[in-house]
Visitor: 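First, the structure itself, so that you have it in front of you.
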Amino acid sequence: MKKIQTKTKRRLVVQYFLRKLKQRMETDEVGTMDKVWLKIYTKDDLMDIAKWLYVPTVPEWLTFDEMDKEALLEAIGDDFHILSFEIEQAMLELYESTKITPQSVFKTLEQLGQESHYLRDKPIAEWDEYDYSNYRVLSHKAGNPVPVFGIYDSSVSEEDKYFVTTPPPKFFTTKEEATQALSEMIKTGQLKKGEAKVMML
């Protein structure tokens, strides 16, 4: 197993603490919203959070386009909702980063100022392991989130995967490596089929 890169390790640590905080906030009483969000978020950002929170059952009093930032913040109602939204967005961004498309390749190369890189014009269907490895390095340099994959007990949920400590999950840099390792563990009798699964972090 390759060593987890520092940037990815930091992301896992942040995810752990964010989810711990979310667990604590779930039991707290609804508090007042911190006004700092008015400086951090634009009106469009706050509309996105409010829509995420209410759609498809939007109350009649919520008229997103007519509301100012303060009214939108009030409609969101609690810092907990902002934290939940950001955790979900980070997870979606991570899942999107695993999909290699011509658009994502071009965007990554453009960010690095390497628009003439050979991967820009090579069809993804023709990529080999060297190309994928090359792209992973470029993607990391461009600041894209880098997923890691763990082998977990089948009972572990998406929500709890960052908290598992016994036994600690084994981490891998690609889904293929994790799946192959899981198959090997089943083949050698360390695990029975269906006892464990691969999850992305």
Side-chain angles (χ1 to χ4, degrees), residues 1 3-64 67-99 139-140 143-175 178 182 195-201:
M1 181 182 71
K3 187 178 174 185
I4 297 174
Q5 293 176 333
T6 303
K7 200 171 185 180
T8 302
K9 195 185 299 178
R10 284 194 185 121
R11 182 180 59 73
L12 294 178
V13 170
V14 169
Q15 278 293 323
Y16 169 81
F17 280 113
L18 285 177
R19 287 167 192 274
K20 267 291 194 201
L21 176 60
K22 183 174 177 246
Q23 280 184 341
R24 286 187 187 164
M25 290 174 79
E26 279 173 336
T27 59
D28 290 346
E29 291 181 18
V30 175
T32 55
M33 290 293 287
D34 196 319
K35 297 295 182 187
V36 72
W37 305 126
L38 295 173
K39 293 184 178 169
I40 293 174
Y41 290 119
T42 64
K43 182 181 175 182
D44 285 342
D45 293 334
L46 293 170
M47 278 175 61
D48 286 341
I49 298 169
K51 285 176 182 176
W52 169 84
L53 184 58
Y54 288 102
V55 170
T57 54
V58 182
E60 288 182 18
W61 58 268
L62 261 181
T63 50
F64 296 115
M67 298 168 83
D68 60 15
K69 286 173 70 172
E70 287 80 3
L72 285 164
L73 193 62
E74 194 176 323
I76 293 165
D78 195 311
D79 290 341
F80 170 78
H81 296 133
I82 288 180
L83 176 60
S84 300
F85 173 82
E86 290 296 351
I87 287 174
E88 185 172 301
Q89 295 309 300
M91 207 62 214
L92 289 172
E93 188 180 332
L94 187 61
Y95 277 108
E96 282 302 311
S97 75
T98 64
K99 296 177 188 171
S139 186
H140 181 67
N144 298 330
V146 181
V148 292
F149 298 85
I151 296 175
Y152 289 87
D153 186 272
S154 292
S155 63
V156 175
S157 68
E158 277 287 324
E159 194 63 29
D160 294 333
K161 65 186 177 183
Y162 290 94
F163 306 127
V164 175
T165 55
T166 53
K170 300 179 188 323
F171 294 125
F172 302 87
T173 53
T174 68
K175 188 174 184 178
L182 177 56
E195 279 185 339
K197 61 185 176 182
V198 171
M199 298 176 85
M200 186 170 73
L201 291 141

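Every heavy atom of this structure was used, including side-chain atoms; hydrogens, water molecules and symmetry mates were not.
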Visitor: Could you tell me the separation between the CG atom of L83 and the CZ atom of R24, rounded to the nearest 0.5 Å?
Guide: 12.5 Å
Visitor: When rounded to the nearest 0.5 angstrom, what is the spacing between CG in L46 and CD in E70?
Guide: 9.0 Å
Visitor: Which heavy-atom pair separates L72 from A50 by the least distance, and what is that distance?
Guide: CD2-CB, 4.3 Å
Visitor: Could you tell me whether the side chains of W52 and Q89 share a donor-acceptor contact shorter than 3.5 Å?
Guide: no
Visitor: With the side chain counted from C-beta on, respond yes when D45 and F85 share a heavy-atom pair under 4.5 Å apart, and no when they do not.
Guide: no
Visitor: Any donor-acceptor pair under 3.5 Å linking the side-chain atoms of S155 with those of D153?
Guide: yes
Visitor: Walk me through it: do K22 and E159 pass the test salt bridge (Lys or Arg N to Asp or Glu O under 4.0 Å)?
Guide: CA-CA 11 Å; K22 183 174 177 246; E159 194 63 29; 3.5 Å; yes
Visitor: As a quick check of understanding, evaluate side chain to side chain contact (heavy atoms under 4.5 Å, CB included) for L182 and E195, giving each step before the final call.
Guide: CA-CA 10 Å; L182 177 56; E195 279 185 339; over 6 Å; no
Visitor: Could you verify whether a donor N or O on one side chain and an acceptor N or O on the other, from Q15 and R19, lie under 3.5 Å apart?
Guide: yes
Visitor: May I ask you to decide if A75's main-chain N or O and Y54's side chain share a donor-acceptor pair within less than 3.5 Å?
Guide: yes
Visitor: Do other residues, nucleotides or ligands put more than 12 heavy atoms under 6.0 Å from the NZ atom of K69?
Guide: yes
Visitor: If every non-hydrogen atom of E60 is compared with every non-hydrogen atom of T63, which pair is closest and at what distance?
Guide: O-CG2, 4.2 Å
Visitor: One pair to check against side chain to side chain contact (heavy atoms under 4.5 Å, CB included): M47 and T42. What are the steps and the verdict?
Guide: CA-CA 9 Å; M47 278 175 61; T42 64; over 6 Å; no
Visitor: In sequence, state the C-alpha distance, the side-chain angles, and the governing distance for D79 and W37, and then conclude on side chain to side chain contact (heavy atoms under 4.5 Å, CB included).
Guide: CA-CA 9 Å; D79 290 341; W37 305 126; 2.7 Å; yes
Visitor: Just to verify, what does F80 make a ring pair (Phe, Tyr, Trp, His ring centres under 6.0 Å) with, not counting sequence neighbours?
Guide: none
Visitor: Any side-chain heavy atom of M199 within less than 4.5 Å of one from E158?
Guide: yes
Visitor: What's the separation between atom CG in D78 and atom CG in L73, rounded to the nearest 0.5 Å?
Guide: 10.5 Å
Visitor: Would you give the length of the straight line joining atom CD1 of I76 to atom OG of S84, rounded to the nearest 0.5 angstrom?
Guide: 11.5 Å
Visitor: What's the shortest heavy-atom distance between N144 and S139, and which atoms?
Guide: ND2-OG, 2.9 Å
Visitor: Tell me whether Y95 at atom OH has more than 12 heavy atoms from other residues, nucleotides or ligands lying less than 6.0 Å away.
Guide: yes
Visitor: Is a side-chain N or O of K197 found less than 3.5 angstrom from the main chain of S154, in a donor-acceptor match?
Guide: yes
Visitor: Does the ring of F64 carry K51 above it, NZ/CZ under 6.0 angstrom from centre and within 45° of its axis?
Guide: yes
Visitor: Are side-chain heavy atoms of F172 and V198 found at a separation under 4.5 Å?
Guide: no
Visitor: Mind checking the CD1-CG spacing from I87 to L18? Nearest 0.5 Å is all I need.
Guide: 5.0 Å
Visitor: Measuring from E86:CD to E88:CD, what's the distance to the nearest 0.5 Å?
Guide: 10.5 Å
Visitor: Take F163 and K20, measure what side chain to side chain contact (heavy atoms under 4.5 Å, CB included) needs, and give me the verdict at the end.
Guide: CA-CA 9 Å; F163 306 127; K20 267 291 194 201; 3.6 Å; yes
